[in-house]
Amino acid sequence: MGIKQLFSIIRDEAPQAIKEGEIKNQFGRKVAIDASMSIYSFLIAVRSGGEQLMNESGETTSHLLGMFYRTLRIVDNGIKPVYVFDGAPPKLKSGELAKRFARKAEATEGLEEAKETGTAEDVEKFSRRTVRVSRQHNAECQQLLKLMGIPYIIAPTEAEAQCAVLARAGKVYAAASEDMDTLCFDSPILIRHLTFSEARKEPIQEIHVDKVLEGLGMDRKQFVDLCILLGCDYLDPIPKVGPNTALKMIREHGSLEKVVEWINNEGKNKYTIPEDWPYADARELFFNPDVRPADHAECDFKWEQPDVEGLIKFLVVENAFSEERVRSGIAKLQKNLKSSQQARLEGFFKPIPKTEAEIKNLKRKNEEKAEEKRKKAKEEKKASKASKAKPKMNS
DNA sequence: CACGGCCA
DNA sequence: TGGCCGTGG
C-alpha cells in the first residue's frame, strides 16, 4: 500500500527536499490530515491483549481513543488540524480498476482465512489483516471531532487528493500523512510522522514537492509515472522493476508510454508488463482526482469550543472512557483554542510584510540555505557510500 | 497508538 | 531524564 521505496529514492536523489525537525517547529500551523488512514491505523494498533478496545456493549472504541488522544497532542502543540475523510472509492472511466482491486482484496482475505489454523497468533494476524474502516467508524469519528470543535471535511473520493487541494490553496500549511501518494496529488508539502516524534525517536519530516522534482530532474508527469512504476495503489507492479530500475527507465525513456514500448520490444526478454495494466487511467487519477475546489463552501472550516457535556456523554457515558482523562483533555482543547485566539489578537500570526526588497532578501537566503544543504548532503552521500552503510528505512 | 507510572 | 512496560475501553 502506498508507494514503496519512493521515500528512499527521494532521500538519495533529492535530499534537499526533506527537512527534519520536531513537533514544536509546527507551532501555529494548520495541517490537513487524512482521517480514514488514521482510523485504519488506530484499528490495527490500539489493542489490548490482541483485541480492539471496546465499550460495554462490545462495540469497538479503538478508533475513538486513538483519534481523541492524538488530536489532543496535535492541538496541545499549537497545531490546528483539519481532518479529511475518504468519500466513495475513486471511479475510473470504466470502473474496472476499482472492481479488480476489490476482487483482489477479497481473494487475499479468503486466502488468509483458509490459512488460519486456529492458533492465537494466527487469529490475531488474521484479525489485523481484515481490518476495514467502516462507515460507522467514520461517522463516529466525525461525531467525536464535531464535539471536540475540530473541523473536518468529507472528500468526494480520496482524502489524500483533497488534502493536497487544501495545501495548494494555502488553506493549510501541509498535508500530514504517512502515505507518499500525497506527493503525486501535488501537495506542495507533505508532513510525515507528525505525531510520533516525541513518542519515538524519529523526527518529523517535511517533504517539499518542488524540491523533489528539482532533485530528480523531472517534471510532475514524469514523477507520477515514476511512482506508478514503483507500484501505486491502483496497479500491479511490473515484476523485477525495483526503485533503481524504475528511476533508470523514466530517466532514459522519459514517459510511461515510452517505457512500455521499450519493454514490449527491446526489454521483453527481461521484463513483462502485467496483462491488465491501465497505467493511463492510474495517471489520470493523480492528475484529475475528483476533489472539491478549495474555494467551495465545503472547504470552509473553523476551530471551535469543545462541547463539554456532549463529550462526556459520548465518551464517558456511551463509550466507557475515563471521565478524569476526558475532562483534562477538554481543558487542553479550551486552553489551546484560547491561546491561539490570544496569539492572533497580539499579531503573532501577522503575515510578514512582503516588500520587493524583503522578497529578494528572502529568496537569496533560501538559495544560500539550499546550497549549503546540497553541499552537506553531497558530503554525507559520499561518506555513506564510502562506508557502505545501509540506512534502515521502512514506511 | 498514546499515556502514565516505575525504575535506574 | 529517559527508556520500558502495562493499561486504556
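Throughout, a chain's letter reflects where its sequence line sits, starting with A, and its residues are numbered from 1.
- Closest to the side chain of A:N319, from the set C:dG8, B:dC3, C:dG9, is C:dG9.
- Counting only distance, with no hydrogens or angles, the side chain of A:S177 and the backbone of A:D179 share a donor-acceptor pair below 3.5 Å.
- If you check every strand for non-hydrogen atoms under 4.0 Å, A:R325 touches sugar and phosphate atoms only.
- The separation between A:E324 atom CD and B:dG4 atom C1' is 11 Å, rounded to whole Å.
- Between A:Q52 atom CD and C:dG8 atom P there is a gap of 17 Å when expressed in whole angstrom units.
- Taking the six-membered ring for Trp and thresholds of 30 and 60 degrees, A:F301 and A:W303 have ring planes more than 60 degrees apart, a perpendicular arrangement.
- C:dG9 atom P lies 17 Å from atom CE of A:M67, rounded to whole Å.
- In this entry the distance linking CG of A:L53 with P of B:dC3 reads 15 Å, nearest Å.
- In this structure, A:E56 reaches neither bases nor backbone, as no heavy-atom distance under 4.0 Å exists between it and the strands shown.
- Within 4.0 Å of A:S322, counting heavy atoms only, lie sugar-phosphate atoms of the nucleic acid but no base atom.
- Nucleotide C:dG8 holds its C1' atom 15 Å from the CD atom of A:E51, rounded to whole Å.
- The side-chain tip of A:R220 does not point at the ring of A:F286 from less than 6.0 angstrom away and within 45° of straight on.
- In this model, the phosphate group of C:dG6 is not approached by any side-chain N or O of A:S48 to a distance below 4.0 Å at OP1 or OP2.
- Take A:Q305 and apply the side-chain contact (heavy atoms from CB on, under 4.5 Å) test, not counting sequence neighbours, and it matches A:Q334, A:L337.
- Rounded to whole Å, the distance from CG on A:N77 to P on B:dA2 is 12 Å.
- The CG-P distance, from A:D76 to B:dA2, rounds to 14 Å in whole Å.
- The CD-C1' distance, from A:E140 to C:dG9, rounds to 13 Å in whole Å.
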